[in-house]
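Structure record follows, encoded as structure tokens.
Being a predicted model, the structure only gives us computed values, none of them experimental. Residue numbers start from 1 in every chain, and the chains themselves are labelled A, B, ... in the order their sequence lines are given, proteins ahead of strands.
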Amino acid sequence: MPPVPSHGGQGFMTSERYNAREAEARWQKVWEERGIFAAKNDDPRPRYYVLEMFPYPSGRIHMGHVRNYTMGDVVARYKRAMGFNVLHPMGWDAFGMPAENAAMERKVHPRQWTYDNIATMRSQLKSMGLSIDWAREFATCDPSYYKHQQKLFLDFLRAGLVERKSSKVNWDPVDQTVLANEQVIDGRGWRSGALVEQRELTQWFFKITKYSDELLAALDTLERWPEKVRLMQRNWIGRSEGLLIRFALDPATTPNGETELKIFTTRHDTLFGAKFMAIAPDHPLAAAAAAKNPALKAFIAECKRTGTAQELIETAEKKGFDTGIRALHPFDPAWKLPVYVANFVLMEYGTGAIFGCPAHDQRDLDFVNKYGLGNTPVVCPPGVDPKDFVVTDTAYDGDGRMINSRFLDGLTVEEAKEEVARRLESEMRGNAPVAERQVNFRLRDWGISRQRYWGCPIPVIHCEACGIVPVPESDLPVLLPDDVEFDRPGNPLDRHPTWKHVACPQCGRPARRETDTMDTFVDSSWYFARFTDPWTAEAPTNRAAADAWLPVDQYIGGIEHAILHLLYARFFTRAMKATGHLGLDEPFAGLFTQGMVVHETYRRADGGYAAPAEVKIETVGDTRRATLRATGEPVEIGPIEKMSKSKRNTVDPDDIIAAYGADTARWFMLSDSPPERDVIWTEEGVQGAWRFVQRLWRLVGEAAQIVRAAPAERPAAFGEAALAVRKAAHGALAKVSEDIERLRFNRCVAHIYEFANTLQGALAGLGGNGEVAPDMAWAVREAADILVCLFHPMMPHLAEECWQALGHTTLVAEAPWPQLEHELLVEDTIVLPVQINGRKRADVTVARNAANMEIEAAVLALDVVQRALGGRPPKKVIVVPQRIVNVVA
RNA sequence: GCGGACGUGGCGGAACGGUAGACGCAACGGACUUAAAAUCCGUUGGGGGUUUCCCCGUGCGGGUUCGAGUCCCGCCGUCCGCACCA
């Protein structure tokens, strides 16, 4: 390891400005040469794995990245100082559509475009001074990564975790591609603008629903996850307990003599309030009935049309069509219920069929009110006389006692559910019980097929004779071909002249490759595991390394990934455990979701947006005015919004780093706003941060003068002034440590400001000329060292520069976190606020361990208290030890 | 519609049920300077007394408590997530 270079012995220059540009590049080089951020898998110290969500290589980093990676870096540097062997890696989520769009628009190959972007963004990230182990870097589009993903796919396939099935997709007929829901805007493709069709396509699925219950239950164990994210996942999984009931159909009324209809319900208690049955427009029974009924056929077609447009779904009226089919009530065969096709019943949930109880379900009530089917209340709210209880336009979905329900009358909702379930599950029709208890989930299997080029090829071969044949592992990876054209819509893999034609690995006859590639969410579902040993060539993971590093101790990223990415990664971890690649269930022990970076918007008179760099802001009194720099034309200051190209309110990290340095950008990203909330980027704020950088540099320079006179040995005693400096230093140390642990970076920033202010005041008090007493010099050295250590995780380059100025020959990046001396935080006397009737009126200074009686006596002796009492004894005196005294007059 | 979070000075925000407004930004006054920038020292929730004093104040209305920004109930507003889930 090369020695730490000294900066030409110029450590004590206080008059010079800190040159961030020059110093940052210099220290980055030192860190890199000494390789101090490389995590060693065989390091015996306790481990800490901190990970920020890896970026998509879109071209350039943005302020959101700066915020995200700064937070992770603070944690990484702090944990390193605390003696942990820290893993802090970086990689690239490199497959995906934008690369293909670029190929279409700019005739550049997706691979070229992607790796060029990675090169740019890597150098941008490096200019931030992040303490990343770059030796572990990889991109998900590297064959050396996706090879293992294909292996995982094959192992999942063998383990029964992969399935091929038909499902409805959004199909763009112009681009000839499948669209995700969010790519369908107002029923049209986001790129082509063509009306999107619903198509049935055979696709590959990961069977995430196999783990529905487990993924839900384990949320309770994720104590270091935000409650909000756990709740979102809980709702997404959407578990509901209910009853599957087989309703008998009157065969005389069914199109092909069908005899039963299966429905799922969670309100079987309300069975005696049933007024109708409803099935989804794409239910098989609906299709059968429509075959003989043109009007019904037209109605179903209409339902499917309104299917995609978001606006219409939201406002859609409940509509139905009577099929003429009649179902028999399970408790009374003489009671016939009409079967409707209804637009609000979803084929994807439950069985695609329901029974309608209008009195206790709002949708059902809207429906019967439209078709005049009436309602019968069967649950009576507490405290209401059943005789008086009627339902008109508002369904009652609360608790109560059963009424109008024959043998259920008088039971509670819960008891009635139990009774209905008990009776129907013991009653046999044909060879099966009439009903069975069932748990249903909203969660659906994860469709991973994408008809695109720039993704991980799905390693299977379709053979006429053998069917689906996995690609033999010795043939992995299935590489993407390089010679592809993007001049036409559709999947380039599918129309490639040779790529898909292969011999069947089983029978040797001509067969064809699967041309679908995997959803890019697959790529990001296991990258954190690969980072633990990215060099292992023979398997996706090295179990020893993965077991040692995982779970990730602290994962940091945007809230936008609260559901899909995190749920998929949780599923993947379980699937990898089931196939022997990992040994745990939950990949992320701690999760933190940071807020966005937002900025004011500026609108020109012509309605267009102006960029912050083009705008000059002036403040006159309390009003701010904005004008265009170029023309002086006034611009309107608009709302503060997420930085986006369309609003032109972005600030380029490169510009900021060039003008102020990475430390200033990092510091500002952490100041002011709590990390989970949005942070407003302002020019004034950045300048404030920059001024503080300069102030710290001057302050440390001043301290360095005194440090030279400090004795090596710790003095036996400290005078009052020196002790005050020590107390301030250790007070700041305690607070900053605690706040970094809890990721409250904005408070760390405030504590560091406060401590710097105190130290600055103390140094000013020394006058600068004469001799500084040894005890003070020693205290100043200790305080300056602590100060530099405290801001090091946030402003690492400045910290190295200051560390050297203070005479150290080591790197602060390798220095241990300062040792806290608790006894300095304990005062001999404390100042207690004194309240009279709950209002603060005075202070009283007492010994730290004064008895409550002594404190009470001291308080009652105070003039203000005497005056307030007016000679009467106090009603009560409350003494809260160490906190406050309240006198009730 | 359902679920959740939030609401504190001119602004971003601090505040285990215990001194509301830490810290920063902006603004204002002063020092230094030929001048400006930078820096340094003050002031800065509102109102009144005008020194060491009082009143009001955390979206609104109630409540619990010796004491509420914090806990409870009801409104109002903002933001986010899900969306006909049977």
Side-chain angles (χ1 to χ4, degrees), chain A residues 17 226-229 231-236 238-240 242-243 263-268 270 278 280 310 313-318 342-346 348-357 360-364 366-367 440-443 559-560 562-563 595 619-624 640 667-668 671-674 676-680 682-689 691-692 694-695 698 735 744 746-757 760 764 831-843 863-864 874-880 882-889:
Chain A
R17 274 213 180 168
E227 188 50 45
K228 179 162 101 161
V229 174
L231 186 73
M232 281 162 77
Q233 294 218 350
R234 218 168 270 139
N235 292 339
W236 187 262
R239 184 182 198 272
S240 58
L243 203 61
I263 64 107
F264 175 73
T265 181
T266 56
R267 291 303 304 271
H268 31 291
T270 65
Q310 283 290 327
I313 292 176
E314 281 169 31
T315 51
E317 194 184 352
K318 308 279 171 281
N343 64 349
F344 61 92
V345 179
L346 308 176
E348 292 76 29
Y349 190 78
T351 61
I354 61 161
F355 83 86
C357 175
H360 305 289
D361 182 291
Q362 192 60 46
R363 285 163 311 177
D364 296 348
D366 294 346
F367 190 79
N440 244 301
F441 293 91
R442 204 189 83 104
L443 183 67
I559 186 76
E560 66 273 21
I563 297 175
T619 310
V620 183
D622 280 346
T623 42
R624 296 170 71 246
I640 295 166
W667 182 256
F668 179 58
S671 339
D672 292 354
S673 291
E676 68 278 8
R677 280 201 230 166
D678 292 350
V679 62
I680 305 172
T682 63
E683 188 60 23
E684 295 83 357
V686 185
Q687 280 174 8
R691 280 198 301 269
F692 188 59
Q694 296 298 339
R695 184 145 76 92
R698 282 193 305 274
K735 287 183 204 156
R744 301 195 293 199
N746 59 318
R747 292 178 21 137
C748 295
V749 166
H751 298 318
I752 290 170
Y753 268 114
E754 211 161 14
F755 176 35
N757 292 345
Q760 198 171 346
V831 178
L832 285 181
V834 176
Q835 293 182 331
I836 297 169
N837 294 331
R839 286 171 180 282
K840 198 228 165 184
R841 283 294 121 99
D843 293 305
D863 280 353
V864 263
K875 286 210 185 87
K876 205 171 180 182
V877 179
I878 294 130
V879 179
V880 183
Q882 312 293 312
R883 294 221 64 98
I884 204 164
V885 182
N886 190 11
V887 179
V888 185

Salt-bridge present (A:R691, A:E684; N to O < 4.0 Å): no
Whole-Å gap separating P (B:rU39) and CZ (A:R691): 6 Å
Rounded P spacing from B:rU70 to B:rA5 in Å: 16 Å
Tell me, do A:N343 and A:F367 make a side-chain contact under 4.5 Å, heavy atoms counted? no
Is B:rG12 in the syn or the anti form, by the rule that syn lies within 90° of 0? anti
In whole angstroms, how far is the C1' atom of B:rC23 from the CZ atom of A:R744? 14 Å
Answer with yes or no whether A:K318 presents, from its side chain, a donor or acceptor under 3.5 Å of a partner atom in the base of B:rC84. yes
Under 4.0 angstrom between A:Q760 side-chain N/O and B:rC40 OP1 or OP2: yes
Touch class at under 4.0 angstrom, heavy-atom based, for A:T265 against every strand present: sugar-phosphate
A:I563 has its side chain closest, among B:rC16, B:rA86, B:rG81, to B:rG81
Sticking with atom P, work out how far B:rU78 lies from B:rA68, rounded to a whole angstrom. 30 Å
Rounding to a whole Å, what distance do you find between A:Q687:CD and B:rA38:C1'? 12 Å
Mind checking whether A:V749 and A:F692 have side chains closer than 4.5 Å, heavy atoms only? no
Upstream residue (5' side of RNA chain B) when A:T266 and A:G685 are each assigned their closest nucleotide: A:G685
Can you find a pair of side-chain heavy atoms, one from A:N886 and one from A:I884, that are under 4.5 Å apart? no
Kindly point out which of B:rG18, B:rC25, B:rG13 is positioned nearest to the side chain of A:E684? B:rC25
Can you tell me if A:R677 touches the phosphate of B:rC6, counting only side-chain N or O atoms and a distance under 4.0 Å to OP1 or OP2? no
How far does the P atom of B:rG9 sit from the matching atom of B:rG4, given to the nearest Å? 27 Å
Residues that A:D678 engages under side chain to side chain donor-acceptor pair (under 3.5 Å), provided they are two or more places apart: none
Counting heavy atoms from C-beta on, name the nucleotide in B:rA26, B:rG18, B:rG3 closest to the side chain of A:N235. B:rG3
Nucleotide B:rA86, atom C1' - distance to CZ of A:R267 in whole Å: 11 Å
What one should report as the nearest heavy-atom pair of A:A689 and A:W667 is CB-CD1, 3.6 Å
Looking only at B:rG4, B:rG12, B:rU19, the nucleotide nearest the A:S673 side chain is B:rG12
Per atom distances to the A:Y753 side chain, the nearest of B:rA86, B:rC84, B:rG24 is B:rG24
Suppose you measure atom C1' in B:rG10 against the same atom in B:rC16; what distance do you get, rounded to whole Å? 31 Å
Atom pair distance, as rounded to whole Å: NZ in A:K735 and P in B:rA14: 15 Å
If the C1' atom of B:rG21 is compared with that of B:rU43, how far apart are they to the nearest Å? 16 Å
Please figure out whether A:F441 or A:W236 has its closest RNA chain B nucleotide nearer the 5' end. A:W236
Report which part of the nucleic acid A:G238 touches: base, sugar-phosphate, or nothing (heavy-atom distance under 4.0 Å, all strands). nothing
So what does A:V345 hit on the nucleic acid, given a heavy-atom distance under 4.0 Å: a base, only sugar-phosphate, or nothing? base
So, is A:R234 close to the B:rG81 phosphate, meaning a side-chain N or O under 4.0 Å from OP1 or OP2? no
Which part of the nucleic acid, if any, lies within contact of A:L231, taking any heavy atom under 4.0 Å across all strands shown: a base, the sugar-phosphate backbone alone, or nothing? sugar-phosphate
Paired nucleotide for B:rG1 [Watson-Crick or G-U wobble; both distances under 3.5 Å]: B:rC82
Side-chain atoms of A:N343 come closest, of B:rA22, B:rU19, B:rC84, to B:rC84
Calculate the interatomic distance between A:N440 atom CG and B:rC85 atom P; express it in whole Å. 13 Å
Tabulate atom names and distances for all N/O pairs under 3.5 angstrom spanning the protein and nucleotides 61-67 of chain B.
residue : atom : partner : partner atom : Å
B:rC66  : O2'  : A:N886  : ND2          : 3.3
B:rC66  : O2   : A:N886  : ND2          : 2.5

Side-chain heavy atoms of A:I559 within contact of A:V229, under 4.5 Å: yes
Looking at side-chain heavy atoms only, is the closest gap between A:V880 and A:V885 below 4.5 Å? no
Assess the residue pair A:L832 and A:D843 against the criterion (side-chain contact (heavy atoms from CB on, under 4.5 Å)); give the C-alpha distance rounded to whole Å, side-chain angles, the decisive distance to 0.1 Å, and a yes or no. CA-CA 6 Å; A:L832 285 181; A:D843 293 305; over 6 Å; no
side-chain contact (heavy atoms from CB on, under 4.5 Å) assessment of A:D672 paired with A:N746: CA-CA 5 Å; A:D672 292 354; A:N746 59 318; 5.9 Å; no
Taking the side chain as every heavy atom from C-beta outward, state whether A:R695 and A:N757 have any pair of such atoms under 4.5 Å apart. yes
Kindly point out which of B:rG4, B:rC23, B:rC85 is positioned nearest to the side chain of A:A750? B:rC23
Take atom P in B:rC60 and the same atom in B:rU50, then report the distance between them in whole Å. 32 Å
From the list B:rU19, B:rC40, B:rG24, which nucleotide is the closest neighbour of the side chain of A:N757? B:rG24
Residue pair A:F344, A:I354: steps toward the side-chain contact (heavy atoms from CB on, under 4.5 Å) verdict: CA-CA 10 Å; A:F344 61 92; A:I354 61 161; 4.1 Å; yes
Rounded distance (Å) that lies between atom P of B:rG57 and atom NZ of A:K840: 19 Å
Distances under 3.5 Å between protein N/O atoms and the N/O atoms of nucleotides 45-55 of chain B, please, pair by pair.
residue : atom : partner : partner atom : Å
B:rC55  : OP2  : A:R841  : NH2          : 3.1

B:rC6: pairing nucleotide in any strand, Watson-Crick or G-U under 3.5 angstrom: B:rG77
From CE of A:M232 across to P of B:rC82 the rounded distance in Å is 6 Å
Across the strands shown, which category fits A:N746 at heavy-atom distances under 4.0 angstrom: base, sugar-phosphate, nothing? sugar-phosphate
Check: A:D364 and A:F355 side chains under 4.5 Å, non-hydrogen atoms: no
Between B:rU19, B:rC82, B:rG12, which nucleotide gets closest to the side-chain atoms of A:I884? B:rU19
B:rU58 versus B:rG63 - spacing of their P atoms, nearest Å: 16 Å
Taking B:rU8 as the reference, what is the distance to B:rG45 when you measure between their C1' atoms (whole Å, please)? 10 Å
Mind checking who B:rG42 pairs with, Watson-Crick or G-U wobble, both distances under 3.5 Å? B:rC28
